[in-house]
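Values in this document were obtained by computation on a predicted structure and should not be read as measured data. Indexing begins at 1, ligand by ligand and atom by atom, following the structure's order.
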Amino acid sequence: MKYKNPILPGFHPDPSICRVGDIFYLATSSFHYFPGIPLWRSRNLVDWKLAGHGISRPGQMDLTRTGASRGLYAPTIRERGGSFYIACTEVDRAGNFIITAPSIDGPWSDPVMIALGGVDPSLFFDDDGVAYLCTSCSDGETAGIALSVINPASGEILAGPKVISCGSGGRWPEGPHIYKKNGLYYLLISEGGTEYGHMLTVFRAASPWGPYEACPRNPVLSHRDFAWNPIQCVGHGDLVDDAAGNWWLVCLGVRPIGSVLLHNLGRETYLAPVSWGLDGWPLVGDHGVLNLKMEGPLPGPAVDNNSGVSGDWHDEFAGPQLSSEWSSLRARLPGVVEMEKQGGLLLSGGGVSLSLPMATPAFVGRPQQAFDCIFKTSFDFDPSSEESEAGIVAYYDDSYHYEAFVTRRSGARVIDLRKHIHDTEAVAATVSIPQEGTVHLFIETSRECYRFFYACGEASGELGSGMTAGLCTEGTWRMSFTGVFLGLYCVRGRALFHDSSCVDVGQAS
Ligand code: 6LW
């Protein structure tokens, strides 16, 4: 059966997957976005529906004042005895923790803390009931994978940690997962860093504690030497078998905007069929390579296959809740993001701008999922001052964003286009609009630029554009792991958004 990659386009990194019966469950990283740890459900591995979030209550995990690309890293999802477990790291304050739920839909517990360093915690439940936790670890000089025995209910470490692997020599051994197959323990890890040297390597041993021998075909997956493949940086994966006994890998990858190594869509989730050689080592994808179009024995035929136009969406903010596809920065503060009883999304902004680090502006956004799309909104906003603004934004993080917004200049209502790159901020265009009336704003995205358009009453036109290269991960001044969000926001005032939509107008992938 044919399917398209990525299976979760746009910012959906560090996928982890498990299966219960014939349903697959997947979790991805969310960093400083709230709600955190998006959870997905699928029957055929290529059509995924958002089931909810592992972190959705402010009391569960405080992400306020979290730096951009800090917060929640690389969850692992597993099911055991009717309970779901997620092991995850909040990298600055909480450290490693486990949350549990009776169903993917929740309710998810408060975190149980694990007194252990490292990131990328993964749970492995052995047949004898022993629960293991492996994480990446580093003493500042050498880095590796550490294994412990854990009580997953209390987080207590019962044995270990013991370093069980230092990988195959690539930098940053990380993202470990252990599986048992034919009586052997397989350790899957990533090495080479999450950038263009990223790779997946496999090791196996007769005991979870090792000693582990390396797969002679390592890396089992890497695009580091496939310069022309439109998918790069593949790594950080997790294996699952389906009910028919076929094996699959989900992993992250990026699609650079062109031959230059820049990407704006974030690290996305990809799927590859896995077979096992006669030597008992895995073979991933097409001879160790992923493609945008692939074939494999899917558990069911692809229906929408998220990569295509099914990524299109339209939200009329009919309520009563804001759909869970929308994310905010660090928190949903009371009175800031509200649904109106008669319909509409009300954003009430204080003085928090989009450029303020570690802050929580009145913002909601969704990951940009395709290179060429049109993102729209219509809203009513009466700016009270020149500092009052509301509009539409292509947002990478507080240091990189382009926005078109309604504000006031010399008493008149206007729309500005502003660009913020590194420590430079400039208003690139200002147009006058009628004093009253609903404003329509839209962004047309492409590999080259973000073009901004407006309409209000008789007034309409293009405001200008910002280069896509300015919103790419590789260009950020600190290490970043996210992607562009297309969002709505308000600073100093109350803006009522009537609707928002996004349409993929390009090739399906
Ligand atoms: C994560 C690590 C990684 O902890 O990136 O690509 C880090 N892999 O495993 C952040 O997502």
Side-chain angles (χ1 to χ4, degrees), residues 6 8 10-17 26-33 36-38 54-55 63 66-77 86-97 114 116-123 133-138 143-146 165-167 170-178 187-202 219-224 231-239 249-256 261 263 265-270 272 290 367 396-397 473-474 476 478-483:
L8 287 176
F11 164 67
H12 298 299
D14 307 319
S16 171
I17 191 168
L26 193 147
T28 49
S29 296
S30 51
F31 299 91
H32 58 297
Y33 286 92
I37 316 181
I55 298 291
L63 293 170
T66 296
S69 281
R70 305 298 294 173
L72 297 170
Y73 279 30
T76 295
I77 184 162
I86 293 175
C88 190
T89 318
E90 193 286 304
V91 290
D92 287 324
R93 282 172 276 179
N96 288 311
F97 64 90
I114 306 168
L116 206 62
V119 297
D120 302 350
S122 177
L123 286 166
L133 183 90
C134 50
T135 64
S136 68
C137 64
S138 167
I145 305 300
S165 173
C166 287
R171 71 172 81 171
W172 306 127
E174 60 190 7
H177 296 300
I178 291 177
L187 172 67
L188 173 73
I189 70 167
S190 290
E191 299 181 57
T194 197
E195 300 88 1
Y196 293 86
H198 213 189
M199 56 178 164
L200 278 169
T201 52
V202 180
V220 292
L221 177 71
S222 181
H223 285 192
R224 61 189 182 182
I231 310 162
Q232 293 290 315
C233 310
V234 290
H236 198 111
D238 196 5
L239 293 166
L249 173 87
V250 289
C251 67
L252 68 75
V254 311
R255 289 178 288 165
L261 300 181
H263 77 278
L265 298 180
R267 299 175 302 157
E268 311 176 291
T269 292
Y270 290 78
L290 299 192
Y396 186 88
D397 67 21
T473 301
E474 292 82 353
T476 61
R478 68 193 145 208
M479 192 159 191
S480 69
F481 297 113
T482 56

I'd like to know if the side chain of Thr89 and the backbone of Val91 have a donor-acceptor N/O pair within less than 3.5 Å.
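Such a contact is absent between Thr89 side chain and Val91 backbone.
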Would you confirm whether Glu90, through its side chain, and Asp92, through its main-chain N or O, come within 3.5 Å as a donor-acceptor pair?
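It does hold such a pair.
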Using a 4.5 Å cut-off on heavy atoms from C-beta on, say whether the side chain of Leu200 contacts that of Leu249.
yes
Student check: side-chain heavy atoms of Phe481 and Thr476 closer than 4.5 Å
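Side-chain contact under 4.5 Å: no.
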Show the atoms of ligand 1 that are less than 4.0 angstrom away from any heavy atom in [X].
X      : result
Leu252 : 6 (O)
Asp14  : 3 (C), 5 (O), 6 (O), 8 (N), 10 (C), 11 (O)
Arg267 : 3 (C), 5 (O), 6 (O), 8 (N), 10 (C), 11 (O)
His198 : 6 (O)

Measuring from non-hydrogen atoms of Phe31 to any atom of ligand 1, is the shortest distance under 4.0 Å?
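Distance cut 4.0 Å: Phe31 passes for ligand 1.
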Nearest heavy atoms of Thr28 and Pro15, plus distance in Å:
CG2-CA, 4.1 Å
Result for side-chain contact (heavy atoms from CB on, under 4.5 Å) between Cys251 and one of Leu290, Thr269, Asp238 points to Leu290
Report the residue from Ser165, Cys134, Ser190 that forms a side-chain contact (heavy atoms from CB on, under 4.5 Å) with Pro176.
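Output: one option passes, namely Cys134.
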Among non-hydrogen protein atoms, atom 3 (C) of ligand 1 lies closest to Glu174 OE2, 3.5 Å
For atom 6 (O) of ligand 1, what is the nearest protein heavy atom, given as residue, atom name and distance?
Thr194 OG1, 2.7 Å
Would you check the N or O atoms of Asp120, main chain and side chain alike, for any that come under 3.5 Å of an N or O of ligand 1?
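By distance alone, the answer is yes.
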Tyr73 versus ligand 1: do any nitrogen or oxygen atoms come within less than 3.5 Å of each other?
no
